[in-house]
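Shown next, in structure tokens, is the structure this report addresses.
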Amino acid sequence: MLQQQLNALFEQHHIQVEEILSLPDIFTATRAAYDLKTTTLTTMAIAATVIQPDEPYNLMMLPPEIIALDNTVIHTNKASTLVAACSHALWQLLSQTRSALVDNR
């Protein structure tokens, strides 16, 4: 769900993203992005464990207000079918609640 939000944000600003690899967790994705000199979405804490302070690397900070993290449900690629189904159900519930709140303004 977060990835869809980011994709929409990039598209809105005419930034084309090419997905070349899908990995099971954020740490592995960060390490791969660093090793391959590509990009990924990560946290500052994980980036700090992968990138040494003296190494040059471009980091783009996304302000929290552009991404509705309070309305986001995330699970790993390796999540069980049940976890993925629960995640999807929660996302639908959040979407319906958000729509209802917007409609009642």
Sort and list the pairs that fulfil salt bridge (charged side-chain N to carboxylate O under 4.0 Å, His left out) and have at least one residue in residues 35-52, not counting sequence neighbours.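 As it turns out, the salt bridge (charged side-chain N to carboxylate O under 4.0 Å, His left out) pairs with a partner in residues 35-52, which skip direct neighbours, are R31-D35.
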Hey, could you give me each pair passing salt bridge (charged side-chain N to carboxylate O under 4.0 Å, His left out) that has a residue in residues 45-54? Not counting sequence neighbours.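 Residue pairs with at least one partner in residues 45-54: there are none.
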Under a 3.5 Å distance rule, please check whether Q92 uses its side chain to pair with a backbone N or O of A89 as donor and acceptor.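 Side chain of Q92 to backbone of A89: no pair is present.
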Any chance CD of E11 has more than 12 other-residue heavy atoms, nucleotides or ligands included, within less than 6.0 Å?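 Open: at most 12 neighbouring heavy atoms sit under 6.0 Å from CD of E11.
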Output for pair (L23 CG, T30 OG1), nearest 0.5 Å, gives 9.5 Å
If you define the side chain from C-beta out and look only at heavy atoms, does anything of Q16 sit under 4.5 Å from F10? no
